[in-house]
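Worksheet: the structure to be examined is printed underneath.
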Amino acid sequence: MKTNVSARSPLLRKFLVKLAQRIALISLPPRSPSWRYKSISNSLGANLSSSTTGEAYSSESSEQVNIDQTDVCLLEDMDVPEIVEEIIDLLLTGLRDSDTIVRWSSAKGIGRITARLTPALSEEVISSILQLFSPGEGDGSWHGGCLALAELARRGLLLPSSFPDVIPVIIKALHYDVRRGPHSIGSHVRDAAAYVCWAFGRAYTNCDMKAVLEQLAPHLLTVACYDREVNCRRAASAAFQENVGRQGTFPHGIDIVNTTDYFALASRSNSYLNVAVSVAQYKKYLYPFADELLCNKITHWEKSLRELAAQALSLLVQYDMDYFGGHALEKLVPCTLSSDLCTRHGATLAAGEVALRLYQLGFTFSTDMQKALSGIVPAIEKARLYRGKGGEIMRSAVSRFISCISIAGISLNEKIKKSLLETLNDNLRHPNAQIQCAAVDALKHFIPTYLVSSGEKIANDIISKYLALLDDPNVAARRGAALALGILPYKFLILKWMPVMNKLCSSCTLEDKPDDPDAEARVNSVRGLISVCETLTAPFDQSSNSGDSVYAYIKDYVMRALFTALDDYAVDNRGDVGSWVREAAMDALERCTFILCRRDIAALRTAPASGHESELSVMEVNSSSSAHQLFDSGIAQDLVAGIAKQAVEKIDKIREIAIKTLQRILYHEEHLIPFIPHRELLEEIIPNSTDLEWAVPTVSYPRLVKLLQVSCYSKSVLSGLVISTGGLQESLKKASTSALVGYLEDSDINTNCEGKSREHLLSCDLLWVLQCYQKCDRVITPTLKTIEALFSKKVFLTREGYSEFYSGLVDSVGSELKGSKDFTKLCAGLSILGYISSQLDGTCTKAFTQLLTFLGHRYPKIRKAAADQVYLVLLQNDDLIPSENMDKAQELLAETCWEGDLEEARRKRSQINKMAGFSVATSLKSENQETRITDARNIVTTDENKSYSSLVDFSGY
């Protein structure tokens, strides 16, 4: 056991322990000790008969043991070999081992050997085991000691006379938790302690366990409800259940067992917030639970557990308000200034949550307690506890504390009000989003409680301050200010509603800070803007004419700003950050739509009846003229088209949110949203069902491509669809392209345009996309790849009448490829020119001419790709080059090394032009101009990094 080999091998140490204990067993006489504790008979019939006749086991337990005096004398006279003592020492040392398998095997060995010893020697073994629980021992010793005690109890070798020494140790082990740096150890010790309690329940009778169980039950339930680890919670619950089931009647035992079942304890939050609250209704467990939270859990090393413990503590307040309003708060308030970060953070949270809960239950705070609560935040600031390690954690806790005392209405003097407002404003400027959100939530309650009654001057100062922060160079300040404006109360906003909304509208757009764009600031501006709109429109009586200017501003400016935000595709090193803005914009557009529609419905219902006595129905509202409507047909069309575009783009989350937004708009519970074009088709595509998984591409795309048949939606939908069909994600590309081709082949879909096929309408929309998004590679490149994919599936190639499409496509491709360095874009464009050149159409010569120009491109790979396309075109279209030059041209294309010298490639290109009878003057002029520009760039660009950046762009990364 002491060799270096065993030190490195836990398995070897385990086998050595097993071997040693078996040597000890053959050295001792193989007899069963009569002094062993006997609780019940192994026969079920005997147990039932004893219960029927009323025979109890108290006679056995009163004597504690049934000892055969003859056997005892023989055992006391028995000589124990020295080797057995050495092996017992070895096993006791094994209980301290660093590996669980060695400790577990040692514990079982202790139990087996003790069964063959005398009562006196067994007492010595137990004393040696209890020494493992001394404060200086490590967690391994505590774990091994618990396992050994459990084994002794299971075998009846731990007599009830030892309970006074054992039970306090087990209680300590149930709460064993030692901090080690950023974490703690001890879960295995607590689990083993629960195992000891479980073994007690199986081994002893009710008479011996009654007093013990009264001591253990509160601790077992405390671990079952509040332990950090799920295995410990379940182990303690199992131990409690075993004791309740085997030890007879126990107060509320069955109810508690049903509450603390295996599955209910799986979730930590459910254990803290539901299970523990249900158990705490019994007074016997309330105060142990409260002490556990106050002493251990709100000072725990894990931040999330401290927050959960604070909420759990507040839920216990309902059972004894005087205790929590007095003793608990008096203990928490001094702890908010503790030098330990965990203690002061947990105490600050708990004090706020308990105060809030007491207020909600109608508790009246004493003057001294209100003064103590109001002085917590100034004392924290005075102690400079925001600085250094843990400052961010304390800022969040302080914001939550201010929110709680604001709701509770704790009285504050003017100096403290000013101090708390400055604290929250500082937190608003913090770069941590959680701290900002906590500060905003606190301001939402602090301002109405303490500042609304202070007059217009303070209101104007606060609004002006937040408006100024929207132009602050610090992006964190802009983010916080936008959120803060959104939570201001109506009495504040009505004073300066137009400057507030105007500034938020401008802050929503990407053009607001072109030199320093920040996606989070735009997201918060969108959220703040819609919150301001809802705050300003909520107090108005919808049947009156008050607030018409606010509603008109929402229609004319807010909706326009939100539509602009819906087109935010900003990208930084984190990816498509514009998707955050688009997500917020969709939510804001939905809420704005409901605001305007509610106003329209109310106005129409209160209009003069003009002979009609009944109120206007929903259909009458929908069919009424939109001349005086806030929500008109133009807004409805733009709304659905914009959200439908998001519903076909590449991000699964955005697609799902967009479709669910359309679903809520189409099937709004209060009233029908009017003026939506082609509502029947939309309801067919997007049914009012929760069964469809809209985030799955194969589910959403086959339905949504049907919108391409509607002219008012087709362009917007196609501009989003091409992002998916021409994207990089293969599964998404496959699903969307398959849906698009399936739509074109579906004969059941009507286009509602006489004499025009679906392919023709799609070609017109594709040209619109190419023209609308000129030089926007985000859209143009996937659009070209989409057209290439459609060409590869013989779309636009099987019928005549596409000359206009071919001509417009060649013009757009030519302008897009000119000067481009994007390999993907260039290759897609060359492929498109190749497909068009292969057609027996008047446009083929124009496309072939452009294709030949790329034989002299500055990038070798593009020259090679262009040569391949030209060769394929000549194989399919014999009309482009005279037949006498065809073989020579093909031979020249095949034999030339197009990836070699540029000048040589251009000479070969000129020869092909001559064979085809094309003029080369224009192309030579453009090439000379391009060469001069390139030479000038080479002269100016001497920076190595810039040239390397050009190489990266050239490589297509």
Side-chain angles (χ1 to χ4, degrees), residues 146 150 153 167 170-177 186-204 206 209-298 300 302 304-305 307-320:
C146 288
I167 298 305
I170 299 304
I171 292 174
K172 290 180 181 179
L174 282 171
H175 300 282
Y176 186 89
D177 192 26
S187 61
H188 58 313
V189 178
R190 300 193 298 274
D191 185 75
Y195 173 53
V196 177
C197 298
W198 177 86
F200 282 180
R202 295 178 67 88
Y204 302 104
N206 183 29
M209 279 296 294
K210 184 175 182 181
V212 172
L213 191 56
E214 289 179 356
Q215 297 180 58
L216 290 178
H219 299 280
L220 280 174
L221 289 175
T222 297
V223 175
C225 295
Y226 291 133
D227 199 278
R228 179 177 180 268
E229 308 299 334
V230 63
N231 62 305
C232 295
R233 294 197 298 271
R234 285 172 166 172
S237 173
F240 183 81
Q241 177 180 348
E242 190 72 20
N243 280 276
V244 169
R246 289 183 178 270
Q247 299 304 322
T249 57
F250 191 80
H252 314 292
I254 300 300
D255 294 336
I256 294 174
V257 167
N258 291 333
T259 303
T260 59
D261 66 82
Y262 181 88
F263 298 102
L265 299 175
S267 168
R268 187 196 300 177
S269 59
N270 186 61
S271 299
Y272 273 67
L273 306 181
N274 296 320
V275 176
V277 177
S278 179
V279 175
Q281 64 182 308
Y282 308 112
K283 291 292 184 180
K284 184 176 181 180
Y285 306 116
L286 172 62
Y287 301 109
F289 279 18
D291 289 340
E292 173 69 12
L293 293 173
L294 286 170
C295 300
N296 297 324
K297 291 301 180 280
I298 66 168
H300 198 268
E302 186 178 354
S304 60
L305 195 139
E307 295 171 348
L308 192 60
Q311 297 178 38
L313 187 65
S314 68
L315 294 177
L316 302 182
V317 172
Q318 57 185 313
Y319 298 122
D320 191 345

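Formation of a donor-acceptor pair under 3.5 Å by the Ser278 side chain with backbone atoms of Val275 is not found in this model. A donor-acceptor pair is defined here as one N or O able to donate and one able to accept, closer than 3.5 Å; no such pair exists between the side chain of Arg246 and the backbone of Arg202. Side-chain N or O atoms of Ser237 include one that pairs as donor or acceptor with a backbone N or O of Thr260 at under 3.5 Å. Tyr262 contributes no side-chain N or O that, together with a main-chain N or O of Ala238, makes up a donor-acceptor pair within less than 3.5 Å. A donor-acceptor pair is defined here as one N or O able to donate and one able to accept, closer than 3.5 Å; no such pair exists between the side chain of Tyr226 and the backbone of Tyr272.
Put simply, the side chain of Tyr287 reaches to within 4.5 Å of the side chain of Asp320, judged on heavy atoms. The side-chain heavy atoms of Thr259 and Asn274, taken from C-beta on, include no pair separated by under 4.5 Å.
Ala173 and Ala193 get closest at one heavy-atom pair: CB-CB, 3.7 Å. Listed here is the closest heavy atom pair of Pro288 and Pro218: CG-CB, 4.0 Å. Nearest approach of Ala280 to Phe289, heavy atoms of both residues: CB-CD2, 4.0 Å. Scanning both residues, Met209 and Tyr204, for their nearest heavy atoms gives CG-CB, 3.4 Å. For the residue pair Gln247 and Gly201, the shortest heavy atom distance occurs at NE2-O, 2.9 Å. Contact between Ala199 and Ala153 at its shortest, heavy atoms only, is CB-CB, 4.3 Å.
Interatomic distance, CD1 of Ile170 versus SG of Cys146, reported as 5.0 Å (0.5 Å rounding). Once rounded to the nearest 0.5 Å, the distance linking CG of Leu313 with CG of Leu293 reads 5.5 Å. Taken from CZ in Phe240 to CG in Leu216, the straight-line distance is 10.5 Å, to the nearest 0.5 Å. Taking CG of Asp177 as the start and CD of Glu229 as the end, the distance is 9.0 Å to the nearest 0.5 Å. Taking CZ of Arg233 as the reference point, atom CG of Asn270 lies at 9.5 Å (rounded to 0.5 Å). Atom-to-atom distance recorded for Gln281:CD and Ile256:CD1 is 8.5 Å, nearest 0.5 angstrom.
A 6.0 Å sphere centred on NZ of Lys210 holds no more than 12 heavy atoms belonging to other residues, nucleotides or ligands.
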Worksheet entry | Working for side-chain contact (heavy atoms from CB on, under 4.5 Å), residues Leu213 and Val244 | CA-CA 9 Å; Leu213 191 56; Val244 169; 5.6 Å; no
Discussion item. Between Arg268 and Leu305, does the side-chain contact (heavy atoms from CB on, under 4.5 Å) criterion hold? Intermediate values first, please.
Written reply: CA-CA 9 Å; Arg268 187 196 300 177; Leu305 195 139; 3.8 Å; yes
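Between Tyr282 and Tyr285, the ring planes are perpendicular. Angles over 60° get that label, and only those under 30° would be called parallel.
With no hydrogens or angles considered, a side-chain donor-acceptor pair links Glu292 and Asn296 at under 3.5 Å.
Tested against Leu174, the residues Leu220, Asp191, Val189, Thr222 include a single side-chain contact (heavy atoms from CB on, under 4.5 Å) partner, Leu220.
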